[in-house]
Amino acid sequence: MTTPLLSIRDLRVRIGDREVLQGINLDVPAGQVHAIMGPNGSGKSSLSHVLAGKPGYTVTGGSVLFKGQDLLALPAEERAREGMFLGFQYPVEIPGVNNAYLLRAALNAARRHRSEPEVDAFDFLALVKSRMQLMRMDESFLSRGVNEGFSGGEKKRNEILQMLVLEPSLAVLDETDSGLDIDALKVVAAGIQTLRAPDRAIVLVTHYQRLLDHVAPDQVHVLARGRIIKSGGPELALELERRGYDWLLDDAA
Amino acid sequence: MNFAQRLQHDHAAALSLLSDAAVPSAARHAALARLTELGLPGLRDDDFRYANLRPLSRASFAPAPEPAELASQLAALLPARLDGYTRCVLVNGRLATAYSDSAAALAAAGVGATLNDSFEASLPDIGPAERFDLLNQAFATDCLRISSAGAVRLEVLCISLAGATDAASYPRLQVQLQPGADMTLIERHLGGNASGITVSTCNVQLGRDAQLQHYRLQDLSLDATWLDTLRATLDANAHYRLSLLALGGGAARSSVRVRLAGQGARLMLNGASLADGKRVLDTVIRVEHEGRDTRSDQLLRAVANEQSGISMTSRVEVSAVAGGADSRQSLKGLITAKGAEINLRPQLEILTDEVTASHGATTGALDENMLFYLLSRGLEADTARKLLEWAFIADVMSRIEMPALRRQVEMATVTRMGNAAALESLL
């Protein structure tokens, strides 16, 4: 068996005095889509943040290997350049930095990391425009400030656009489906589907089954109270949709 | 010698350089007497609380002589020409004809004109906060007088060059726009070094319905001392769009005073100050609403790095007869390091009920969420920080309406920010 793209072992994390992750074990092989579901406050976003390297979390134990290397030893920007992408639950507005600049700077940072030449301005524009078309975003978004004045749905689409331009090996999408209407959900789902490839993996952190109707997961995990309490196939998501989480929580307790 | 004695001494020694044409002798002596009386601002002087005036304790006030050899020194300092702009170069406060456009071209732009008698009387008073204008009056070696009734685009480069000994540079500009005139004036202060202070003055009168777009860019060397005064008066329906960009200077103080004298006069002021090292940049603005339905709109941004200090005071006064006045002040500061300091002081004094006024002042550190967002996309930490600093002043930059100038200013800014390569593609 080949090494998983992402391998998490007994990961324990604190915010201040509170242990938000209490021993996570998770393997995500290349080529697969995994969904992480769970009730509010179960640690889903904490896990996403820790993987991306957000400050404010203290790892007290365990390990995370990404492509066989110690992910937690890398600063956030190097994780990104290695091919780790976090789709934010709440994308940040940055007035004064335009979208096109961010996209190009991000793409070039990754290319320099791989010892590839910087992207030519013409090729870049062609690439971005084709991806924007896919995400049904108007080209005027390029010259606007990053997420500045975007609606909730536009911000989520912009996250997926960034992902499609950067083509990461591992995308962790933190509640990318929340706050989307049906049409936007379909567009976002189509964007995610585009990224599926044998050498990539996607982790969908979500509350709801509905995204999984469009992006079928290979594995579904239930995260509760800082632990993965159950894993299964796509049918688990359907069962959760039907029965909620309580039966599992009772079992776990 | 104390301050007064040094003033008197340097003035007496410089008499042969001080022509009546620049400033009449009587006015010089009056200025000298008033400045002597006011003295140097003390530590408790609120108008200068945040300024670094230490260089004045040892500076020579004697005007710098004309440098013997200009070409090599100027080559590195002169920015690229801007299409459609008449260029006028002052070196150490004196018109450098060899580097300026022809006398005919300057005359066509209104340079060298005689100003109306109303000019001096129309200007705001020189208060204690504007006292360094008196220093300029006492020692100015030249005065660039500009008067226009039509449409003019003019660039004035005030360049300070080091001499063999300590000496000061006194650029002096007087701008009078006749009713209905429309001028874009780019005023840049460049050069300078630790051994010579630059004391600049710009006086502006806008006639009825006149419009002035005035870009003032201070990009002196990082060890230069700059003491600057701008006084302006606006007649009815005049519109003054003023940009103040302070990028250079080790110790810089700019005092701005604008009278909205006529009904419907409008001031739109955008300013950004950017400092690093141990530099101190101080801007004090006073806007006086005197006419009815006058409006002032100020957008001021400061970014202080390392151990630098930036202060911005913006005082708006609305007189009892200035009903219908509308005043807005937005001041924001960004501190990027523990040792840096920013002081923002919006002040309002309103003597009438019929007024709309808003003001806000906030100072903070870089937004950690924004920073993490950029890092999570793979940007270098240093690039991400600089990018956010850039974004912080982007509002001010975007209000530079002339693309070619905006590009120059942006490049100058990015160069000062010290990560030019990474940020250049922003522009």
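Just so it is clear, the structure is predicted and the values come from calculations on it, not from any experiment. Numbers restart at 1 for each chain; the letters A, B, ... are given by sequence-line order, proteins then strands.
By the side chain to side chain donor-acceptor pair (under 3.5 Å) test, A:S42 is found to be paired with no residue, residues two or more places apart in sequence or in another chain being considered. The side-chain contact (heavy atoms from CB on, under 4.5 Å) search around A:A105 returns A:Y101, B:L379, not counting sequence neighbours.
At least one side-chain heavy atom of A:V172 sits less than 4.5 Å from a side-chain heavy atom of A:M84. Between A:L26 and A:V28 there is a side-chain heavy-atom pair separated by less than 4.5 Å. Taking the side chain as every heavy atom from C-beta outward, B:L300 and B:L269 approach each other to under 4.5 Å.
Heavy-atom distances place both the backbone and the side chain of B:A391 under 4.5 Å from chain A. Contacts between B:A381 and chain A at a heavy-atom distance below 4.5 Å involve backbone atoms as well as side-chain atoms. In this structure, chain B has a heavy atom under 4.5 Å from the backbone of A:E93, while its side chain stays farther away. With a 4.5 Å cut-off on non-hydrogen atoms, B:L371 does not touch chain A at all. Of the two parts of A:P91, the backbone and the side chain both hold a non-hydrogen atom closer than 4.5 Å to a non-hydrogen atom of chain B.
Residues of residues 143-167 of chain A lying within less than 4.5 angstrom of chain B, judged on heavy atoms, are A:V146, A:N147, A:E159, A:Q162, A:L166 in numerical order. Proximity to chain A among residues 362-370 of chain B is limited to B:N369, B:M370, judged by heavy-atom separations below 4.5 angstrom.
Because its NZ or CZ atom is both nearer than 6.0 Å to the ring centre of B:Y373 and within 45° of the ring axis, B:R377 counts as a cation-pi partner of that residue.
Relative ring orientation between A:H49 and B:F372 is described as perpendicular, the plane-to-plane angle rising above 60° on a 0-90° scale split at 30° and 60°.
Around atom OH of A:Y90, no more than 12 heavy atoms belonging to other residues, nucleotides or ligands sit under 6.0 Å away. Shown here is B:D83, whose CG atom has no more than 12 heavy atoms of other residues, nucleotides or ligands within 6.0 Å. Remark: A:R18 CZ is loosely packed, at most 12 non-hydrogen atoms of other residues, nucleotides or ligands lying under 6.0 Å away.
No donor-acceptor distance shorter than 3.5 angstrom exists from the side chain of B:E389 to the backbone of B:V303, with no hydrogens or angles considered.
With B:I186 as the partner, the side-chain contact (heavy atoms from CB on, under 4.5 Å) test is satisfied by one option alone out of B:M402, B:Q408, B:R153: B:M402.
By number of non-hydrogen pairs under 4.5 angstrom with chain B, the leading residue of A:A52, A:A80, A:A100 is A:A80.
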